[in-house]
Amino acid sequence: MPELPEVEVLVRHLAPLLKGRRIGVVQVRLAKVVRPDSPRRFAQALRGARFRAVSRRGKYLLFHLRPAGQGGALTLTGHLGMTGRMYLLPAKTPLPRHAAVVLGLGRQNFIFEDSRRFGRLTLAAAPRRNLGPEPLESAFALRPFVAALRQSRQAIKVKLLDQSLLAGVGNIYASEALFRAGIAPALPARRLSESQVRRLRLAIRAVLRQAIAGGSTVPLNYTGQGASDRLFYFGRAPGAPDYYEERLQVYDRAGQPCPRCKTPIRRRVQAARSTYYCPRCQRA
DNA sequence: CACCATGTTCCTTG
DNA sequence: CCAAGGAACATGGT
């Protein structure tokens with residue numbers, strides 16, 4: 001489920017539920033997801049710790065903890081990979097098949113589940129990866145963005161997935177932002193005009209903000225297996241309105257009419273990933 | 001069976 | 001050294 005908006009919505013959902021809660025029993029059921037920590041060290045560090053806050057950096061979740069015993073601070077860093085989920089369940093509920101880590105919180109468990117096992121939950125202090133600016137903060141300034149794009153021959157769609165350029169845009173919102181900006185996905189980054197870069201920057205921000213707003217407004221079902229999960233990955237709460245149909249303009253809509261000009265949306269492959277675009281609204 | 005999937009890292013090639 | 005492309009990771013849905 002993970003691009004910046006989904007992670008942000010999840011962070012907002014989890015923060016009030018976790019704040020102040022104390023971790024009891026720690027179960028690492030899939031050692032791989034806590035690497036490079038060992039399951040033992042991971043469990044030992046977390047037992048007795050208390051959640052203070054939850055935040056986000058790019059697609060990473062940051063759990064700020066106060067460890068058991070004497071002072072200090074501890075950060076638990078999570079990444080959902082492709083299929084990771086995090087949620088609370090009553091402690092008496094049987095664990096889901098793909099529960100990778102379970103943190104006991106008294107009458108509830110905090111579950112990190114990940115069927116495809118690309119996700120991580122580690123003590124390693126924050127991503128040691130080079131992350132670009134947060135797209136929704138002032139750090140995402142026009143000049144450096146222009147300068148960075150000017151240096152790359154990569155197709156702009158592919159470049160947008162580079163987390164050192166910008167943190168948090170993934171395959172879905174890269175297509176969405178380019179559609180909104182009216183820019184052809186195959187255009188080499190350095191070939192964008194100054195005004196195109198300006199439009200793209202605004203489009204990225206608008207698309208991400210809208211997705212966060214949508215996800216924060218609609219009651220979501222964070223735990224369900226939901227047949228209609230679609231792209232919010234959690235599914236909506238029973239009875240909640242189905243707004244997912246309208247949420248994405250081009251992603252996964254090959255053959256459907258462009259919402260702006262009715263030309264059929266196309267799918268093409270770039271860097272081994274699907275890109276969706278309108279050949280008319282996004283001419284090279 | 002074939003193909004596709006929201007992500008990141010590592011290896012190879014140029 | 002860098003940029004770019006592809007495979008690998010592992011599992012499930014259609």
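Computed over heavy atoms, backbone and side chain alike; hydrogens, waters and symmetry mates excluded. Just so you know, these numbers come straight off a predicted model, no measurement behind them. Order of the sequence lines fixes the chain letters, A, B, ..., with proteins taken first and strands second; residue numbering starts at 1 for each chain.
Rounded to whole Å, atom P of B:dT8 lies 11 Å from atom CG of A:N171. Protein atom CG of A:L80 is 10 Å distant from nucleotide atom P of B:dT8, rounded to whole Å. Straight-line distance from the CG atom of A:L61 to the P atom of B:dT8: 12 Å, rounded to whole Å. Spacing between atom CZ of A:R273 and atom C1' of B:dC4 amounts to 12 Å, rounded to whole angstrom units. A:Y173 places its OH atom 15 Å from the C1' atom of B:dA5, with the value rounded to the nearest Å. Between A:N130 atom CG and C:dA3 atom C1' the separation is 16 Å, expressed in whole Å.
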Run the side-chain donor-acceptor check on residues 93-104 of chain A: report pairs under 3.5 Å with partners two or more places apart or on a different chain.
unit_1, atom_1, unit_2, atom_2, d
A:T93, OG1, A:P90, O, 3.1

For residues 276-284 of chain A, tabulate all N or O donor-acceptor pairs below 3.5 Å that involve a side-chain atom, not counting sequence neighbours.
unit_1, atom_1, unit_2, atom_2, d
A:Q282, OE1, A:C278, N, 2.8
A:Q282, NE2, A:L178, O, 3.3
A:Q282, NE2, A:I183, O, 2.9

| query | Given the rule that a pair is Watson-Crick or G-U wobble with both distances under 3.5 Å, how would you write DNA chain B in dot-bracket, using | for pairs to a different strand? | reply | .||||.||||||||
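In this model, the phosphate group of B:dA5 is approached by a side-chain N or O of A:Y276 to a distance below 4.0 Å at OP1 or OP2. Between A:H79 and B:dG7 there is no side-chain polar atom (N or O) within less than 4.0 angstrom of OP1 or OP2. For A:R267 and B:dC3, the shortest distance from a side-chain N or O to OP1 or OP2 is not below 4.0 Å.
With contacts defined as side-chain heavy-atom distances shorter than 4.5 Å, the pair A:L80/A:L10 qualifies. A heavy-atom distance below 4.5 Å is found between the side chains of A:L160 and A:L200. At a threshold of 4.5 Å between non-hydrogen side-chain atoms, the residues A:F42 and A:L76 count as touching. Inter-residue side-chain proximity for A:L165 and A:K159 is flagged as met; some heavy-atom pair is nearer than 4.5 Å. Annotation: side chain of A:M82 is in contact with side chain of A:F118 (closest heavy-atom distance under 4.5 Å). Residues A:L121 and A:V28 are not in side-chain contact: their nearest non-hydrogen atoms beyond the backbone lie 4.5 Å or more apart.
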| Worked verdict on A:T83 versus A:D114 for side chain to side chain donor-acceptor pair (under 3.5 Å) | CA-CA 6 Å; A:T83 52; A:D114 187 4; 2.5 Å; yes
| request: Let me see the working for A:Y60 and A:Q163 under side chain to side chain donor-acceptor pair (under 3.5 Å), right down to the final yes or no. | output: CA-CA 11 Å; A:Y60 292 84; A:Q163 301 297 295; over 6 Å; no
| query | Can you check side chain to side chain donor-acceptor pair (under 3.5 Å) on A:R21 and A:Q108, steps first, answer last? | reply | CA-CA 10 Å; A:R21 306 288 294 273; A:Q108 286 176 311; 3.0 Å; yes
| task | I would like to know whether A:F140 and A:E134 meet side chain to side chain contact (heavy atoms under 4.5 Å, CB included); could you show each step before the answer? | result | CA-CA 6 Å; A:F140 181 31; A:E134 282 295 319; over 6 Å; no
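Distance noted for atom C1' between B:dC1 and C:dC9: 22 Å (whole Å).
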For nucleotides 9-14 of chain B, give me every protein contact, N/O to N/O, under 3.5 Å, one pair per line with atom names.
unit_1, atom_1, unit_2, atom_2, d
B:dT9, OP2, A:R129, NE, 2.2

| task | Determine, for nucleotides 6-13 of chain C in 5'-to-3' order, which nucleotides have protein heavy atoms under 4.0 Å from the base (write B), from only the sugar-phosphate (write S), or from neither (write -). | result | ---BBBS-
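In the region residues 151-165 of chain A, proximity to DNA chain C at under 4.0 angstrom, judged on heavy atoms, holds for A:S152, A:R153, A:Q154.
Side chains of A:R267 and A:S274: a donor-acceptor N/O pair is present below 3.5 angstrom, by distance only.
A distance below 6.0 Å separates the ring centres of A:F110 and A:F63.
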